[in-house]
Amino acid sequence: GENVEQHPSTLSVQEGDSAVIKCTYSDSASNYFPWYKQELGKGPQLIIDIRSNVGEKKDQRIAVTLNKTAKHFSLHITETQPEDSAVYFCAASTSNTGNQFYFGTGTSLTVIP
Amino acid sequence: SQTIHQWPATLVQPVGSPLSLECTVEGTSNPNLYWYRQAAGRGLQLLFYSVGIGQISSEVPQNLSASRPQDRQFILSSKKLLLSDSGFYLCAWSGLAGRADTQYFGPGTRLTVL
């Protein structure tokens with residue numbers, strides 16, 4: 001089955017700096033890669049996603065890149081703000097009937113004012 | 001627009017007591033539904049998923065069970081809770097069966113077993 005690894009597990013950056021979180025996956029059939037942000041005590045919220053037919057996607061300060069050959073994808077947050085502090089999860093999925101997601105173990109991001 | 005509800009928001013139960021957590025989705029039909037558990041400071045563990053009424057797939061052997069009595073209702077149950085059942089339980093839905101698609105999460109239920 002699919003195995004998703006996520007690094008780093010914790011990340012601290014100064015406000016205004018950039019943050020990068022990386023994930024690798026094992027199943028070449030995976031074709032959908034969402035990123036979620038989870039604030040304390042709340043459910044994860046989708047922040048950006050990318051499909052395997054695209055190499056990069058950007059939404060304001062957030063971008064995701066995908067390298068299918070190397071089987072890795074990354075989340076980039078620029079001009080970080082204190083409200084970006086949260087736990088971020090990556091996931092990988094294939095077009096199977098159940099649309100099962102395989103999640104990374106999460107990155108706790110702290111943006112220091 | 002679609003919304004997903006979970007209740008209760010928090011629950012404290014003694015060991016050996018039964019459990020019933022409910023999840024409902026509005027604004028969509030025939031969704032895929034999922035139950036996840038998240039231990040403190042840990043990632044998301046898929047417990048069950050359902051592609052239709054009465055269709056439940058279990059991902060891990062455990063003390064819990066799931067049911068889908070209606071199209072947009074998903075219930076997580078246990079006959080006798082264990083200490084290890086404590087955690088944050090999340091329900092999620094997705095659409096477009098057969099296509100990898102976004103999963104949308106509910107607000108979660110914090111379960112503490114004492």
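Lettering of chains follows the sequences in order, A, B, ..., and the numbering in each one begins at 1.
Contacts of A:Tyr102 with chain B are absent, with no heavy-atom separation under 4.5 Å from either backbone or side chain. When heavy atoms are compared at a cutoff of 4.5 Å, B:Gln45 does not approach chain A at all. The contact between A:Gln38 and chain B is made entirely by side chain atoms (from C-beta outward), counting heavy-atom distances below 4.5 Å.
Contact check on A:Glu56 versus A:Lys58 returns no salt bridge, with no Lys/Arg side-chain nitrogen under 4.0 Å from an Asp/Glu carboxylate oxygen. With respect to the salt-bridge test (charged N to carboxylate O, under 4.0 angstrom), the residues A:Asp27 and A:Lys71 do not qualify.
The candidate from A:Ser108, A:Pro44, A:Ala91 with the greatest count of non-hydrogen atom pairs under 4.5 Å with chain B is A:Pro44.
No cation-pi contact links B:Arg37 to B:Tyr89, judged by a cut-off of 6.0 Å to the six-membered ring centre and 45° from its axis.
Ring centers of A:Phe33 and A:Phe73: under 6.0 Å apart, within the cut-off.
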